> 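Sharing a structure below in structure tokens format, with a few things to ask.
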Amino acid sequence: MTSPMYDVVVVGAGPAGSAAAITAARAGARVALIERGIYPGAKSVYGGVMYLKVLDRILPKWREEIPFERWITKRQTMVLNGSTSVTLIYHDENWGQDPYNGVTCLRSNFDSWLASKAQMEGVDLITATTVVDVKFQKEPSAPVLGVILSNSDHAVGCKSVILAEGALSLLADRLGLSSPNKSQHLTLGVKEVLKLDAATINERFGVTYDQGVDIEILGGLSPLVGGAFLYTNRDTISVGAIVSLESLKRHQVRAEHALEQIKLHPSIKPLIKFSTQVEYLAHLIPEGGWQDRGTLMDQGVYVAGDAASSTLAAGMWLEGVNYAIEMGITAGEHAVRYAKGDSVGDASRLYQDAVKRSFVGKNLKKLRYAPEVMLSEPIQRTLPIVLNKSIGSLFTVTDPLPKPGVTKAIFSAIKEAHVAVVPTVKALLKTIWSFK
Amino acid sequence: MIQKPEKSWGKNSFKKIRPLTYMTMTERLSKNNFFIDEHPHIVVDRSICAGCEQRTCISACPAELFVELHDGSIGFNYEQCLECGTCLILCSKDGALTWNYPKDGRGVSYRYG
């Protein structure tokens, strides 16, 4: 029998796929990286901020090389209610220099850059090609035969496959690797990219040319459940809404109308005025986290990134690219060992344990209840009302009436929100506990 | 025409559908790059859809690709699909949708992902 063409085939040239390909190629494997878009990033959508310290492991010079838009130096959390808003702003100039924190990038640039790094390691990058199936053989030591591509009837031979196909993981679903509950925890993100010249962005957001702002928004989407965001790129602004599919189904309200509502809010509208829309995007987000990781490896097929629900959607932490890269690196290491027959013991167990030991497993496990709490009624409905009403009544001068006092302001806000006190206190405790 | 957003989370705000668009879907999608496939990557079995009362796809698809036609059947255009998969996840009828990713690099190509 002739030896297969590749040791490892990676499906999807996103952050997980390219990181896996780089790692596997450096370990001496023959690797193919197959991408269904015409360039890496053509099918990728994310909010807009990534945290890339994890790249130190494979590309220590990434800070000088990445095609970034702006380094995030200002983080805001905005809570909207009706026509009012309460905003918490954290500004740190040091985030604008080495070692940096968050950064906005466009995925077409970033994914293409990361995939080009894989190419430099000798990986064959094959774009505009969809992997439609994985072929197996009845050979317990080497069950994978190869992958079937959309533009050829023949299988491309390989010993191991890494599925890094993203949130809507059709192949992992078909192979029975996805968690059956994954679809219940998917949210829909819709995003508009608005063109605005760089000087105006600098002025409006109070930043310099390579520094940017990250605004997370809670409330204002009613009756849908979810959150929204606004990020600054160099000369564009990404504004989007993330809504739970369950609430879309229940209320029959369009996600893009909810986004429109956010864009028309008096606190957001002046930030984006005179901009022109240049793209409209939509993508699913796997918010189930650790409990929806599914089977991470079976019969030589590894799952990494969003396909394994490695996204952290925990309110103040919205991360995915870094988790995908870390998981990709781990999958790459393990897939090579598997393909070369070097893995000792149960390969599936080894990969699962390695993911569990990494910051991906640790953070996702620690915060496993947070996504659910963030989408619960107390956070989605009660918090915006109570926060806005109580701050509003404290900041409004009531002359000639005497001032209400802090306790009274809060209690009358709670009363106005028609909140049942006991369940809310319970939910509050649960929130604190899930972020502990 | 720009309509003011309603007060959020009023008592009865749950049931209402707000026509809040100052931009039509055609305008919203007009700047996207689509490299249209000759073969639809999503096929809708309209005979199965005929027996569906929920029709979540109509309001849930973020590109408004599902419409109810005059005769009550479901109409669907795949050409401007954003390939998000919302319809596939929310469809409650088995077999109504045959959903594959477009082949050979076809479909939407995002520049600002």
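A quick note: this is a predicted structure, and the numbers were derived from the prediction, not measured. Per chain, numbering begins at 1; letters A, B, ... match sequence-line order. Below, all heavy atoms of this structure are taken into account, side chains as well, without hydrogens, waters or symmetry copies.
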> For the pair A/R254 (side chain) and B/I58 (backbone), establish whether a donor and an acceptor sit closer than 3.5 Å, ignoring hydrogens and angles.
yes

> Quick one, B/E83 and A/H283 - any side-chain contact, counting heavy atoms below 4.5 Å?
no

> Would you say CG of B/D94 has more than 12 non-hydrogen atoms from neighbouring residues, nucleotides or ligands within 6.0 angstrom?
no

> Apply side-chain contact (heavy atoms from CB on, under 4.5 Å) to the pair B/S109 and A/Y39, showing each step before the final yes or no.
CA-CA 8 Å; B/S109 276; A/Y39 46 83; 4.0 Å; yes

> So how far is it from A/L245 CG to B/I89 CD1, rounded to the nearest 0.5 Å?
7.0 Å

> Who among A/I38, A/L168, A/N233 has the most heavy-atom pairs with chain B under 4.5 Å?
A/L168

> With rounding to the nearest 0.5 angstrom, report the OG1 to CG distance, A/T127 to B/D104.
11.0 Å

> Of all heavy-atom pairs between B/L82 and A/A282, which one has the smallest distance, and what is that distance?
CD1-CB, 3.6 Å

> With a 4.5 angstrom heavy-atom cut-off, could you sort out which part of A/V132 is near chain B: side chain, backbone, both or neither?
side chain

> Could you measure the distance from the OG1 atom of A/T236 to the CZ atom of B/R111? Nearest 0.5 Å is fine.
10.5 Å

> Side chain, backbone, both or neither: which part of A/S183 has an atom under 4.5 Å from a heavy atom of chain B?
both

> Can you check side-chain contact (heavy atoms from CB on, under 4.5 Å) on A/L188 and B/C84, steps first, answer last?
CA-CA 8 Å; A/L188 169 66; B/C84 67; 4.1 Å; yes

> Is a donor on one side and an acceptor on the other found under 3.5 Å between the side chain of A/K43 and the backbone of B/V108?
yes

> In terms of heavy-atom pairs under 4.5 Å, which option from B/N100, B/L29, B/L88, B/T56 contacts chain A the most?
B/T56

> Using a strict cut-off of less than 4.0 Å between a Lys/Arg side-chain nitrogen and an Asp/Glu carboxylate oxygen, indicate whether A/E279 and B/R28 qualify as a salt bridge.
no

> Hey, does the side chain of A/T130 reach the backbone of B/P102 with a donor-acceptor pair shorter than 3.5 angstrom?
yes

> Counting only non-hydrogen atoms closer than 4.5 Å, does A/L281 touch chain B with its backbone (N, CA, C, O), its side chain (CB onward), both, or neither?
both

> State, with a plain yes or no, whether a side-chain heavy atom of B/Y101 is found less than 4.5 Å away from one of A/S150.
no

> Any idea which of A/N109, A/L170, A/L248, A/L149 has the most non-hydrogen atom pairs under 4.5 angstrom with chain B?
A/L170

> Examine whether an atom of A/V278 lies under 4.5 Å from a heavy atom of chain B, and if so say whether it belongs to the side chain, the backbone or both; otherwise answer neither.
both

> Using non-hydrogen atoms and a 4.5 Å limit, figure out which bit of A/K191 sits close to chain B: side chain, backbone, both or neither.
side chain

> Give, for atom NZ of A/K249 and atom OG of B/S59, the distance between the pair rounded to the nearest 0.5 Å.
10.5 Å

> Examine whether an atom of A/K195 lies under 4.5 Å from a heavy atom of chain B, and if so say whether it belongs to the side chain, the backbone or both; otherwise answer neither.
side chain

> Report the C-alpha separation of A/L106 and B/Y110 in whole Å, then their side-chain angles, then the decisive distance to 0.1 Å, and conclude whether the side-chain contact (heavy atoms from CB on, under 4.5 Å) test is met.
CA-CA 10 Å; A/L106 300 178; B/Y110 291 124; over 6 Å; no

> Which bit of B/L90 is near chain A, if near means a heavy-atom gap under 4.5 Å: side chain, backbone, both or neither?
both

> Within this structure, what is the CD1-OH distance for the pair A/I237 and B/Y112, rounded to the nearest 0.5 Å?
13.0 Å

> As an exercise: rank B/K103, B/M25, B/R55, B/R106 by heavy-atom pairs under 4.5 Å with chain A and give me the winner.
B/K103

> Under the criterion side-chain contact (heavy atoms from CB on, under 4.5 Å), I'd like the reasoning laid out for B/E27 against A/Q277: C-alpha separation, chi angles, the key distance, then a yes or no.
CA-CA 9 Å; B/E27 284 175 286; A/Q277 189 247 37; over 6 Å; no

